2 protein chains.
Amino acid sequence: MATIYQVSELAGVSLATVSRVINNNSLVSEKTKLKVLEAMKKLDYRPNTVAQSLASNRSNSVGILVSELHGSFYGSMMSDIELALREFGKHAIITAGHSDEKSEKEGVEFLISRSCDALILHVEAVSDEYLIELKTRKIPFVTVNRYIPEIAANCICLDNEMGGYTATKFLLQQGHRDIAYIAGPLWKTDAKNRYDGHLRALQEFNIKPNKRLIYEGNFQEEGGQKGVQVLLETGIAFSAIACANDEMAAGAMSALREKGRSIPDDVSVIGFDNLVFSRYTYPKLSTINYPISDIGKTAASWVLNNLYIDRKEDIQHLFIPELVVRDSVKNIN
Amino acid sequence: MATIYQVSELAGVSLATVSRVINNNSLVSEKTKLKVLEAMKKLDYRPNTVAQSLASNRSNSVGILVSELHGSFYGSMMSDIELALREFGKHAIITAGHSDEKSEKEGVEFLISRSCDALILHVEAVSDEYLIELKTRKIPFVTVNRYIPEIAANCICLDNEMGGYTATKFLLQQGHRDIAYIAGPLWKTDAKNRYDGHLRALQEFNIKPNKRLIYEGNFQEEGGQKGVQVLLETGIAFSAIACANDEMAAGAMSALREKGRSIPDDVSVIGFDNLVFSRYTYPKLSTINYPISDIGKTAASWVLNNLYIDRKEDIQHLFIPELVVRDSVKNIN
DNA sequence: TTGTATGCGTTATCAA
DNA sequence: TTGATAACGCATACAA
């Protein structure tokens with residue numbers, strides 16, 4: 001691989017001049033500029049970004065930490081962020097935190113040590129304190145789907161509580177009164193908030209939540225299946241199930257069908273997230289839309305605004321989820 | 001951020017010694033080792049990986065290029081690769097090629113310039129020649145899902161032709177004779193190979209393919225929907241549709257249902273890939289299994305074997321896809 | 001077992 | 001407008 005030195009030699013100029021045309025910042029005469037450009041082409045020169053990073057303490061890349069690299073949720077987020085960054089010549093370095101505290105911290109350190117210019121974090125296991133402390137270091141970052149009052153300006157998230165509320169309220173409005181709930185892992189703040197929203201909706205209709213109709217799942221398909229099994233075993237009647245995410249809703253639907261319950265005639269089901277596949281299910285899943293795309297773009301904008309581009313743009317920090325009505329909830333009024 | 005120099009000062013040793021305990025390669029006495037370790041802890045020292053890369057010409061990270069960051073197909077692949085690498089302390093740097101030649105080349109260059117030690121490429125738009133030329137550079141790489149005879153040792157892929165064959169043969173065995181085909185973009189080698197397999201199966205049963213029953217889609221849900229629309233408009237009867245991937249199959253199923261065709265009673269449908277969501281569809285989609293997980297792990301193993309770890313392990317270069325029978329194909333014998 | 005010195009490929013601060 | 005030259009933080013060959 002050709003180096004800047006060889007280019008300078010071939011072009012008959014100094015290192016510094018070549019560097020200048022690479023970053024075309026300082027004024028370089030057209031004539032020498034052309035000479036250098038030609039030499040670069042001739043040698044098929046490409047700057048070594050590692051050396052650039054070391055010297056400039058800047059990498060033109062932003063680190064992204066998501067819980068998992070698979071799953072349409074994270075996929076959309078990464079994809080939208082990458083696209084927005086690429087538009088400005090910035091790159092994404094992506095790693096996974098696996099919802100595990102140690103792993104998440106490692107991921108953050110890895111990204112920092114790769115001298116990312118900024119971080120976009122979807123972290124779940126790490127403590128609020130960790131993030132607050134992280135802010136005292138020089139590296140700029142935003143958290144996605146995690147709200148921490150002390151660093152509110154760094155948070156971009158969905159109003160999960162409102163989403164949980166909206167979902168259950170919809171079921172109530174459709175006449176359901178005996179509503180089961182399949183929650184996410186309640187140590188995760190989004191799962192907890194969605195559940196809180198569910199409770200608030202019930203309260204608004206003066207319904208006492210029946211603890212035996214609540215199952216704490218794992219946010220995965222299997223959790224929905226197990227949830228249905230447990231719920232049915234209680235022998236308590238229910239006409240609808242609100243699920244804390246679409247994956248569990250899909251699991252719940254297939255389990256219900258296996259048990260001979262038809263959807264939505266026997267049991268209504270509502271999900272949360274509006275993942276791509278929720279359109280593929282049968283019946284098509286009614287759910288709460290998580291504007292992943294908007295949030296991803298916003299996170300990218302935050303970084304671009306704060307770091308690279310001189311523009312004033314308002315950043316939306318809280319997104320309100322909306323109901324998506326399809327075919328999995330029956331009106332029994 | 002503390003540097004190696006500050007650590008050496010605090011520990012009262014030289015730079016070199018600190019570097020040695022960091023990479024614990026050379027023999028360092030226990031005593032000095034402890035001193036250094038303590039100093040590192042005290043200063044909360046973390047090596048600057050950029051500087052390490054520059055000095056050692058090694059980054060302990062491997063570059064991954066996929067077409068898109070979203071989509072369960074790529075998601076699984078990235079996830080499996082990352083997990084395998086992480087087990088050995090290696091990291092993944094991921095970027096997207098967007099099935100576009102320019103973009104794919106940029107991605108490769110980006111990864112190389114980031115001094116990745118090796119590359120795992122899922123490229124579609126780039127020419128065979130480009131990859132053959134890439135091999136002459138020093139950077140080791142494997143291609144996934146792309147077979148090029150000249151660099152066969154660098155290719156890990158699925159026998160797409162066999163998969164296409166298997167799918168259509170299954171339909172034929174179930175008594176179907178009027179079979180429509182929704183292909184992927186035929187300029188993509190995997191799409192082409194799957195289609196070729198389809199033709200081979202037909203030929204084996206002495207059936208002349210009807211060109212009007214073939215639709216070239218885009219590998220996305222929408223392609224399946226449009227495909228069904230076009231196929232129905234021909235007015236030609238068919239009892240089954242083979243789709244070149246699951247996403248189009250999902251689109252085809254929903255379009256069929258909207259047109260009042262029931263699945264599989266009126267029309268059978270078979271997909272390809274066995275994506276996660278194929279279990280969520282109704283009826284559950286029969287499909288061809290793409291062992292993404294195995295392929296991802298194998299690609300990671302290839303890199304580990306060739307680069308980092310001294311072990312002898314046979315690498316499987318060609319994977320045979322298997323039929324997954326669910327509920328979307330009817331036996332009409 | 002430890003230290004010295006040099007280089008990795010750039011950027012950036014001076015002078016000229 | 002250009003050119004020396006010192007960083008950037010670390011690895012490593014060579015000496016001690």
Side-chain angles (χ1 to χ4, degrees), chain A residues 1-37 39-40 43-61 91 109-110 112-117 138-139 308, chain B residues 1-37 39-40 43-61 89 109-110 112-117 138-139 308:
Chain A
M1 204 69 135
T3 73
I4 198 174
Y5 181 71
Q6 297 164 12
V7 173
S8 78
E9 229 177 8
L10 182 61
V13 297
S14 76
L15 280 192
T17 304
V18 177
S19 176
R20 286 188 188 102
V21 345
I22 291 174
N23 305 297
N24 66 299
N25 40 5
S26 295
L27 295 308
V28 181
S29 79
E30 273 305 308
K31 240 172 57 182
T32 54
K33 194 174 193 169
L34 283 175
K35 274 196 303 186
V36 172
L37 251 24
M40 291 193 344
L43 293 173
D44 192 25
Y45 167 76
R46 270 156 284 179
N48 179 321
T49 59
V50 174
Q52 286 180 318
S53 297
L54 184 60
S56 68
N57 201 25
R58 232 188 192 228
S59 64
N60 282 314
S61 64
H91 281 277
E109 296 306 335
F110 166 69
I112 293 179
S113 76
R114 270 275 176 305
S115 75
C116 290
D117 298 335
K138 27 321 39 232
I139 184 140
Y308 301 119
Chain B
M1 204 68 133
T3 73
I4 199 175
Y5 180 71
Q6 297 165 10
V7 173
S8 79
E9 229 177 9
L10 183 60
V13 296
S14 76
L15 280 193
T17 304
V18 176
S19 175
R20 287 188 188 102
V21 345
I22 290 173
N23 305 296
N24 65 299
N25 40 5
S26 296
L27 295 309
V28 181
S29 79
E30 272 306 309
K31 242 172 58 182
T32 54
K33 192 174 194 168
L34 283 175
K35 272 196 305 187
V36 171
L37 253 24
M40 291 191 347
L43 293 172
D44 192 22
Y45 168 77
R46 269 156 286 177
N48 179 322
T49 60
V50 174
Q52 286 179 320
S53 296
L54 184 61
S56 67
N57 200 25
R58 237 194 187 221
S59 64
N60 282 313
S61 64
E109 297 305 335
F110 166 70
I112 292 179
S113 75
R114 270 274 176 306
S115 75
C116 290
D117 298 334
K138 357 60 301 260
I139 185 140
Y308 302 120

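What you see is a predicted model; the values in this text were computed from it and never measured.
Ser56(B) places a side-chain N or O within donor-acceptor distance of the main-chain N or O of Gln52(B), the cut-off being under 3.5 Å. Although no hydrogens or angles enter the test, the distance criterion places a donor-acceptor pair under 3.5 Å between the side chain of Ser59(B) and the main chain of Ser115(B).
One can place CG of Asn57(B) at 14 Å from C1' of dT10(C), the figure rounded to the nearest angstrom. Rounded to whole Å, the distance from CZ on Arg20(B) to P on dT4(C) is 11 Å. When rounded to the nearest whole Å, the span between CG of Asn24(A) and P of dT11(C) equals 12 Å.
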Which atoms of nucleotides 6-10 of chain D (N or O only) lie under 3.5 Å from a protein N or O atom, and what are those distances?
from	atom 1	to	atom 2	distance (Å)
dC8(D)	O2	Ala55(A)	N	3.4
dC10(D)	OP1	Tyr45(B)	OH	2.6
dC10(D)	OP1	Asn48(B)	N	3.1
dC10(D)	OP2	Ile4(B)	N	2.4

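Close to dG3(D), at under 4.0 Å from its OP1 or OP2, lies a side-chain N or O of Thr17(A).
Remark: Ala55(B) pairs with no residue by the side-chain contact (heavy atoms from CB on, under 4.5 Å) rule, at least two apart or across chains. Under the rule for a side-chain hydrogen bond (donor to acceptor under 3.5 Å, both in side chains), Ser53(B) has no partner lying at least two apart in sequence or in another chain. Shown here are the side-chain hydrogen bond (donor to acceptor under 3.5 Å, both in side chains) partners of Arg58(B), two or more places apart in sequence or in another chain: there are none.
Atom CG in Leu15(A) sits 8.0 Å away from atom OG1 in Thr3(A) (nearest 0.5 Å). Taken from CG in Leu10(A) to CD in Gln6(A), the straight-line distance is 9.5 Å, to the nearest 0.5 Å.
Residue-level contact check: Ser53(B) touches neither bases nor backbone, having no heavy atom under 4.0 Å from any strand. Within the nucleic acid shown, Val18(B) has no heavy atom closer than 4.0 Å to any nucleic acid atom.
The salt bridge (Lys or Arg N to Asp or Glu O under 4.0 Å) contacts involving residues 3-13 of chain A comprise nothing, where partners must be two or more places apart or lie in separate chains.
If one axis is set at each end of the helix from dT1(C)-dA16(D) to dA16(C)-dT1(D) from five pairs, those axes are 40° apart, to 10°.
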